[in-house]
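Below is one structure, written out as C-alpha cells; comments come after it.
Keep in mind the model is a prediction, meaning the values are calculated, not measured.
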Amino acid sequence: MAAVGIGSPKSRPEQQQNQHGLWWATGSEQKVAGVSEFHPDNHVTLTLSDSLDVDDRRDRVLHGVLGTREVTLTQARRGWRAGRSWSNKRGWTTTTPEEWRASGYFLGVHYDTPSAELFTSLTFTTPQLIEWITPPEVQSRTQYSADDKPESVSITFDVPAETSVDIAGVGRVLVGLPPAFGASSGRGHFRMEITPSWHVTLDRPRTTSDIYTNVVLPLMLWTTFCVGAGDRLTSISLGQPSDEPDDDGWRSVTWFPYGWTQDVHEDQRKPLWGHHVPHRDVVNRLSGLLSAWFELYQDAAGPVIESLLPFLEERARLIGPDFLRDMRAAEGHHRLAYGGQRFPENEWADFAERLAGVAEGREQRSLVKSWVKHGNDPGLDGRLRKLARESSPEVRRIAIANGETLDACAGLRNDYAHGKEIWPDKAMTMGAGSTLVAFMLRSLFLQRIGIAPEHTDRLLMSTGEWQSMQHLDPERKPSWHGDPFA
C-alpha cells in the first residue's frame, strides 16, 4: 500500500501531554518547578509548586526549561489559584500550587521582551491552505514477477513550482508545495507527506505584532476568502539573525500567537460548499492576485475582516448581528472605495455656517457641529445602490430586482442598532438584505483583485451558498425609480 498525502500532523507534540520543568519570571532569580500544559486553543496553563514573587497587577513574561528546550511564555497572568505557604506548630511548611495562564509562547529561545524582538522571515501553514492548494497528480505502476506476484510499486508525481511574488510593503512571498517532503514506511505501506506553506522574506525587520497584523492575517484572510471557511494557524516559525555561538549567525524560532489556532470541533464546522476561488483556476496568475489582495487589505482591512467573520467563526449566519456587520462593512467599503458627497464642499460649508448661526447655546451648537461633520455624506441607501451598480452582472441583476429590500436596510439598520422593536416581521427583510450585501461585497472584492466580472459570477454561482441568492426572486421588476445605472 502506498499513498501521497497533502497535509500536516493533526496535533503538535508539545500539546499532547503535561511536561515538567523549571520556571521563573524575567528579571528574577527565583526558579520554581512546575507542570505546563499546552492546550489546542493555544493557551498554556502552568501549575507551579510554589508562588512566584512577582507583581500581580500586570502581565508577565515567564521563562522555562522543558528538558533541554527553552520556552518563553508571553502575556502570562496569575490564575485564580495563587500559591500560599504556612507553617504549623511543629515547624512543617505547607505550600499549595500556584496557577498561571499564558496566551502565547515561543519554543527554543528565551526572550526578555518578546514584543521588541525583530524578525526577517517567517514560514507557516494553515488547514485551509492545505484545503486550497491543488494536490499533485499521482501515478503508480506495479511491477510483477514471472509468477504474477507484485514485486514493487513505483510512484511518480510532479510537484508544481512554488508561486513567488514581491509585495510592496511586505517582501517576497512564496506559496505552494515545497520541493522537500517527509516520508515514512512500515510493513506493507509507504507514505509521503507534502505540506503546503507560506514563506515570507520580509522587506525589513519586523516585530511579531507587525508580522501578525500586516503579513500573517491578510494571508489567512486570503485562504478564508478563497475556500469559504475560517482558517487557523497550524504552526509558524520566525527567522532572525543571531550572534549566539551555536546558531551560526541565524536562528529559527517556533512561535504560537494567541487566537487563530483555536481548533473548531468537527461537528461545528460549516460544510464546504465549493471554493470561491479554486486554486487550479488562478494558479497561473496567483502572483498578481496576491499583490492586489494585499492592496485591498491595506486600503480596506476593516470591511474585508467584517465581511468574512461568519467564515472565520465557523458558524451559521445570525440575522441580527450579521445584518449590522454586513451593513457596516458595506458602508465602510463604500466610504473607502468611492467617498463622495451630496453637495459640493463650498456649498455645504456655506450651509453649515448659516445653520451654526441660528443655533442657540452650547448644546445646540454642539449638536449642529456633530450633524454637520457627516451630514454631507451619502446615506446608507445611496451607498448600497452604488455598490449594487458596481457588482458583477448576475449579482447586480438580483440586487436591482430586490431594490426595495436594499432601500429598507438603511432604516432597519438604524432601528435595530437603537433597540427598536422590529421582530419578527422585519427579520426576513434583514436576512435578505444581509445576503444581498454579502454577495455584493464578495463580488466587489473579486473584481478589485483582478477577476473579470463574468468570471466573478461563475465563481460565486459555483458555490452552494448561491442557493441563498436564488431564494431572492430575480424575476421581479426593478423597484428603483428611473435608470439605476444613471
Side-chain angles (χ1 to χ4, degrees), residues 128-135 137 160 163 165 175-176 196 218-219 221-231 270-297 300 303-304 307-308 310-312 317 326 329-330 333 337 384-403 405-406 432-476 478 484-485:
Q128 299 310 341
L129 179 62
I130 295 169
E131 171 69 31
W132 183 60
I133 292 288
T134 304
E137 184 177 344
T163 300
V165 52
V175 61
L219 288 175
L221 289 172
W222 167 256
T223 49
T224 293
F225 183 66
C226 290
V227 175
D231 212 351
K270 285 183 63 178
L272 290 176
W273 289 340
H275 293 188
H276 295 159
V277 186
H279 177 259
R280 63 180 179 275
D281 289 358
V282 298
V283 63
N284 293 328
R285 49 182 306 203
L286 184 55
S287 60
L289 295 178
L290 276 178
S291 293
W293 178 259
F294 268 89
E295 290 178 7
L296 172 62
Y297 176 81
V304 169
S307 68
L308 294 178
F311 297 131
L312 300 177
R317 293 183 67 85
D326 287 331
H333 181 67
L384 294 179
R385 292 188 181 206
K386 173 66 174 178
L387 296 181
R389 290 193 291 269
E390 298 297 325
S391 297
S392 52
E394 191 66 14
V395 174
R396 180 175 58 207
R397 181 180 66 82
I398 297 178
I400 292 173
N402 290 272
T405 297
L406 289 179
S434 191
T435 297
L436 288 166
V437 168
F439 274 96
M440 284 158 52
L441 288 174
R442 290 177 209 171
S443 168
L444 292 167
F445 293 161
L446 285 168
Q447 293 179 89
R448 167 70 187 270
I449 65 174
I451 305 293
E454 295 76 15
H455 195 189
T456 291
D457 279 336
R458 289 197 294 272
L459 289 174
L460 294 176
M461 294 169 67
S462 67
T463 67
E465 289 178 298
W466 185 256
Q467 295 174 5
S468 59
M469 282 287 275
Q470 290 179 323
H471 292 159
L472 304 173
D473 182 9
E475 301 302 325
R476 286 189 293 171
F485 299 99

Original post:
Can you name the residues that form a side-chain hydrogen bond (donor to acceptor under 3.5 Å, both in side chains) with E295, not counting sequence neighbours?
Top reply: none

Original post:
If you round to the nearest 0.5 Å, how far is CG of L436 from CG of D326?
Top reply: 10.5 Å

Subject >> Ring-face cation of R442 near F445 (centre distance under 6.0 Å, axis angle within 45°) >> reply: no

**OP:** Could you tell me whether the side chain of V175 reaches within less than 4.5 Å of the side chain of L129, counting heavy atoms only?
**Re:** yes

Subject >> Trace of the side chain to side chain contact (heavy atoms under 4.5 Å, CB included) decision for L387 with V437 >> reply: CA-CA 9 Å; L387 296 181; V437 168; 5.9 Å; no

**OP:** Measure across I133 and G176 and return the closest heavy-atom pair with its distance rounded to 0.1 Å.
**Re:** CD1-CA, 4.2 Å

**OP:** Could you go through the side chain to side chain contact (heavy atoms under 4.5 Å, CB included) check for R397 and N402 one step at a time?
**Re:** CA-CA 9 Å; R397 181 180 66 82; N402 290 272; over 6 Å; no

Original post:
Are W466 and F439 close enough that their ring centres sit under 6.0 Å apart?
Top reply: yes

Original post:
In chain order, what residues pass the side chain to side chain contact (heavy atoms under 4.5 Å, CB included) check against A337, with sequence neighbours excluded?
Top reply: H333

Subject >> Point-to-point distance, once rounded to the nearest 0.5 Å, from CZ of F225 to OH of Y297 >> reply: 15.0 Å

**OP:** For the residue pair C226 and W222, establish whether any side-chain heavy-atom pair is separated by less than 4.5 Å.
**Re:** yes

Original post:
Between P196 and I130, what is the shortest heavy-atom contact and its length?
Top reply: CD-CG1, 3.9 Å

**OP:** Could you check W293 against V304 for side chain to side chain contact (heavy atoms under 4.5 Å, CB included), going step by step and ending with a plain yes or no?
**Re:** CA-CA 10 Å; W293 178 259; V304 169; 4.0 Å; yes

For residues 279-290, which side-chain donor-acceptor pairs fall under 3.5 Å, sequence neighbours excluded?
from	atom 1	to	atom 2	distance (Å)
H279	ND1	T134	N	3.2
H279	ND1	T134	OG1	2.9
R285	NH2	G450	O	2.6

Subject >> Residue list, side-chain hydrogen bond (donor to acceptor under 3.5 Å, both in side chains) with S443, at least two apart or on another chain >> reply: S392, Q447

Subject >> Pairs flagged by salt bridge (Lys or Arg N to Asp or Glu O under 4.0 Å) wherever residues 448-459 is involved - sequence neighbours left out >> reply: D299-R448

Subject >> Distance (rounded to the nearest 0.5 Å) between E394 CD and L460 CG >> reply: 10.0 Å

Original post:
Rounded to the nearest 0.5 Å, how far does CG of L446 lie from CD1 of I451?
Top reply: 6.0 Å

**OP:** Considering non-hydrogen atoms only, spot the tightest contact between S391 and R396 and give its length.
**Re:** O-NH1, 3.8 Å

**OP:** Output the distance between atom CG (L384) and atom OG1 (T405), rounded to the nearest 0.5 Å.
**Re:** 11.0 Å

**OP:** Without swapping roles, check the side chain of D231 against the backbone of Q128 for a donor-acceptor pair under 3.5 Å.
**Re:** yes

